[in-house]
Amino acid sequence: MDEEYDAIILGTGLKECVLSGLLSVSGKKVLHMDRNGYYGGACASMYLEQLFEHFGKKDCDVSGYGKSRNWNVDLIPKFLMADGVLVKLLIFTGVTRYLEFKQVDGSYVYKAGKVHKVPGTEAEALSSSLMGIFEKRRFRNLLQFAFKYEENIPSTHEGLDLTKVTMQQLYEKYSLDANVRDFVGHAIALYRDDNYITEPALATINRMKLYFNSIAKYQKSPYLYPLYGLGELPQGFARLSAIYGGTYMLNKPFEGITRAEDGSVTGVTSEGETAKCKIVVADPSYFPEKCKKAGQVVRAICLLQHPVPNTGNSQSSQIIIPQNQVGRKSDIYVLCVSFAHNVSAKDWYVALVSTTVETDNPEAELEPGMRLLGPVSEKFVSVSDLYVPTDDGKKDNIYVSASFDATTHFETTCEDIIKIYESITGHPFDFSELDKKLEEFKNLTEG
Ligand SMILES: *[C@@H]1O[C@H](CO)[C@@H](O)[C@H](O)[C@H]1NC(C)=O
């Protein structure tokens, strides 16, 4: 290991893999190591026996679950927004050539004890069971405004400067009640709390547009999920890395780092050897001393023999339970995937219920979500500490990601990836450049 690397990446979680891919594509020499013998770290995918063993149920009889090799259960499943940043980064790095994505059937929201489809088009808004007749029209008016709104075209602004007007003011202008605000903020704009209401409305309108543009691509829902589960992603990045002369190594114990006099990292030691590097990117488990605990997440992975009730027999779906609907401070998330995405044996479904822990009885907090699932054949519950880095890494060139939160989509994951990438490069991420490059790719592949 006497070569010098631009970057050494520790851990093969999704955030580390995307950053590794971005660095490789920009010509950096990358060494990627994981202390585990499997890919994915905290968000690994598991075969059926592995899953039972992971949760201390090694002696359970698994003969009733169909072919074991058909199972690929994510410990932390999440959906990708079809028009979102993660999909763009996957296309940009070229890792999509190793993966196959399939749309998710349905996007739902919980209101007053019932599950409702999140309206993704004007027609759906007008036929939605979520709202009364007058509310529907007012919501449609907001939708039309959002669809039309272009940041750089003042004639679409209807006299509203959304960098100043707050979302509260916009809701008031369209006379939208608390129920509509709940599903707009939490199931469409995907906010985790209500702080956005007092912020300028532009960010929320952009998030609404992301949701609707994503739906427009695939009709049923704005979400995508890879065939065979999220475990395919790190493996795709490992194959990609090889093309750029990078190296992925599993089963590499982490034995510490070396530093220069000014404290900046100069190398990573494993099995008695030190590989030199300029920067290190790592998941929080490698540098607990550079992290602080920021709460906990409770998750229940449930195996079902039926789709989630009230989702129109969706073989994959997400239900968001906004905090206000169940008197909580954090939303509860329900996600369901199945054999349709090749993550379970035929006719089996894998559901996840998750939320941010607020009490000393975390499992009970999942109850409003669990109640939506119907009979559950097997349940695996975990409570994980959430770690966030205490600094941005610029001082010692060690960039640490945050743990995965309770959300069942990748939007917050992307924010973290972009934040770390900006710290590493020292300048803001150029999204318009990314869009331009993707457009060039498209022209190349179509022409
Ligand atoms: C993947 O799932 C589809 C749909 O259930 C099924 O037809 C196909 O055989 C599966 N592929 C493999 C390799 O198991």
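When a ligand or atom number is given, it counts from 1 through the structure's own listing order.
- No side-chain donor-acceptor contact under 3.5 Å links T269 to the backbone of E255.
- The residues E378 and K57 are annotated as salt-bridged, a charged nitrogen and a carboxylate oxygen being separated by less than 4.0 angstrom.
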Working note: E16 + F237, criterion side chain to side chain contact (heavy atoms under 4.5 Å, CB included); need CA distance, chi angles, decisive distance, verdict. CA-CA 10 Å; E16 287 67 41; F237 276 105; over 6 Å; no

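- For K15 and F404, the positive end sits near the middle of the six-membered ring, less than 6.0 Å away and at most 45° from its axis.
- Under the ring-ring contact (aromatic ring centres under 6.0 Å, His included) test applied with F339, the options Y65, Y349, W71, W348 reduce to a single match, Y349.
- Summarising the local packing, NZ of K29 is surrounded by more than 12 heavy atoms from other residues, nucleotides or ligands at distances under 6.0 Å.
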Please tabulate, one line per pair, the protein nitrogen or oxygen atoms found under 3.5 angstrom from a nitrogen or oxygen of ligand 1, with distances to 0.1 Å, or say none if there are no such pairs.
{"unit_1": "ligand 1", "atom_1": "2 (O)", "unit_2": "N342", "atom_2": "OD1", "d": "3.0"}
{"unit_1": "ligand 1", "atom_1": "2 (O)", "unit_2": "N342", "atom_2": "ND2", "d": "2.5"}
{"unit_1": "ligand 1", "atom_1": "5 (O)", "unit_2": "F339", "atom_2": "O", "d": "3.4"}
{"unit_1": "ligand 1", "atom_1": "11 (N)", "unit_2": "N342", "atom_2": "ND2", "d": "2.8"}

